[in-house]
Amino acid sequence: MSERAESIRQEFQQKLGEVKEALELEKIRVEYLGKKGHITGLLKSMKDFTAEEKKNFGRQVNLLKAEVADAIAKKTVELKELELEKEINSMGEFDVSAPLDLSRGSYHPITLVQRQCENVFKSMGFAVEDYSEIVTDYECFESLNIPKHHPARDMQDTYYLENGQLLKTQTSAAQNAIYKKYRDALVNDGIPIKAIFPGRCFRNEATDACHENTFFQMEGVMVGEDISISNLIFFMKTMLSEVFQRDIKVRLRPGFFPFVEPGFELDINCLICGGEGCPSCKHSGWLELCPCGMIHPEVLKAGGIDPEKYTGFAFGLGMTRLAMMKYGIKDIRDLNSGSLRSLSQFTDDK
Ligand code: DAH
């Protein structure tokens with residue numbers, strides 16, 4: 001390499017070694033590779049060379065040019081990494097794998113009640129099923145013996161999607177799918193259908209201390225040969241006494257639901273006011289907790305089950321109500337408030 005080229009190279013290497021930031025590097029780039037830069041100058045200096053000299057010298061200069069460009073590119077990456085490191089260090093300690101500070105939260109009262117109910121029913125051989133919140137009209141109404149224009153629909157206005165699907169108004173909307181899922185085991189192997197399916201439900205209604213447009217239910221069904229109302233009463237009583245860990249008063253009244261026959265309302269004594277009457281129980285002393293009944297033959301048929309051979313019961317437990325009773329929550333709207341302070345006061349089992 002010519003002396004001139006070699007001294008340019010050494011000078012470049014030295015300057016590059018001293019560079020600390022991107023701006024300095026850019027200056028060096030212009031100084032060496034720019035139009036008026038040293039390397040361009042070398043190429044220009046060849047104009048009086050012979051053809052042979054031009055060839056040799058040109059090759060050397062081009063190699064030098066590539067070396068300089070390469071070194072600048074590497075330095076650019078190096079500087080970027082340094083800059084990032086500086087930024088990270090200035091952030092102080094930060095452990096991305098550390099868990100969130102859970103000590104500030106608590107399980108939602110409805111989660112706690114749902115788990116308790118699930119455990120009781122699981123211990124009695126029930127399967128726990130999950131189901132979508134968006135369902136079809138058939139699932140939510142038609143398959144449950146509620147045809148179009150049936151007055152029972154008036155009680156359950158909801159939110160409709162443009163494609164005709166809707167946000168489910170009741171966990172009963174999963175019944176049809178559950179029957180279809182388990183009917184082969186029932187018919188072929190004689191295994192009774194026993195399932196619970198908790199879920200979020202929606203209704204288009206004005207909110208007050210005891211109504212919300214979003215709430216939780218837990219549906220349960222049992223279908224087999226010779227299933228009767230006694231079975232229904234046994235399972236409901238067992239479950240409620242486990243959840244409340246004490247004897248609670250209940251009453252059964254006749255109730256109408258198109259998908260059960262006969263249908264009942266299972267009420268429990270209001271635990272907030274002790275039965276004297278308060279806004280939570282609409283001043284009646286009783287809370288409607290669990291409508292239930294014997295599954296209507298049409299509903300079994302829609303699920304592919306022969307009502308001549310099999311019978312069953314169904315219940316729709318108001319889980320939101322149950323949580324309010326259990327934790328003494330006076331206003332249903334607190335449950336959806338999202339306020340950690342307000343929610344954690346109801347429970348100490350985290
Ligand atoms: N799905 C009914 C509602 O939300 C509640 C219900 C009533 C469920 C009777 C049942 C039942 O399974 O047997 O109003």
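Atoms within each ligand, like the ligands themselves, are counted from 1 in listed order.
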Taking only Lys NZ, Arg NE, NH1 and NH2, and the carboxylate oxygens of Asp or Glu, determine whether R9 and E6 approach each other closer than 4.0 Å. yes
Examine the proximity of ligand 1 to F313 and report which part, side chain or backbone, both or neither, has a heavy atom under 4.0 Å away. neither
Modelled atom types, side-chain donor and acceptor of Q14 and Q10, under 3.5 Å: no
Protein heavy-atom partner closest to atom 2 (C) of ligand 1 - residue, atom, separation in Å: Q170 OE1, 3.3 Å
Report yes or no: do E219 and Q175 form a side-chain donor-acceptor pair below 3.5 Å? yes
Closer than 4.0 Å to some heavy atom of Q175 - which atoms of ligand 1 meet that? 12 (O)
Electrostatic pair K282-D208, nearest N-O below 4.0 angstrom: no
Check ion pair E24-K27 (N to O, under 4.0 angstrom): no
Atoms in ligand 1 with a heavy atom of C292 nearer than 4.0 Å: 9 (C), 11 (C), 13 (O)
At less than 4.0 angstrom from any non-hydrogen atom of Q217, what atoms of ligand 1 do you find? 3 (C), 4 (O)
Please report whether ligand 1 has a polar contact with R203, defined as an N or O pair separated by less than 3.5 Å (distance criterion only). yes
Basic-acidic side-chain contact under 4.0 Å: E78, K75: yes
Show which atoms of ligand 1 fall inside a sub-4.0 Å distance from at least one heavy-atom site of G293. 13 (O)
With heavy atoms and a 4.0 Å threshold, my read on which part of E219 contacts ligand 1 is side chain
Looking at G316, which atoms of ligand 1 are within less than 4.0 Å of one of its heavy atoms? 8 (C), 10 (C), 12 (O)
Is E83 salt-bridged to K86, cutoff N-O under 4.0 Å? no
Which segment of S172 sits under 4.0 Å of ligand 1 when only heavy atoms are counted: side chain
Atom 11 (C) of ligand 1: the protein heavy-atom neighbour that sits closest, reported with distance to 0.1 Å: F259 CE1, 3.5 Å
To the closest 0.5 Å, what do you measure between CD1 (I268) and CZ (R251)? 11.5 Å
Is the centre of the Y32 ring less than 6.0 Å from the centre of the F12 ring? yes
Atom 5 (C) of ligand 1: which protein heavy atom is closest, and how many Å away? P291 CG, 3.5 Å
Would you mind running through ligand 1 and noting each atom that sits below 4.0 Å from a heavy atom of Q156? 3 (C), 14 (O)
Sub-3.5 Å N/O-N/O distance, A314 and ligand 1: yes
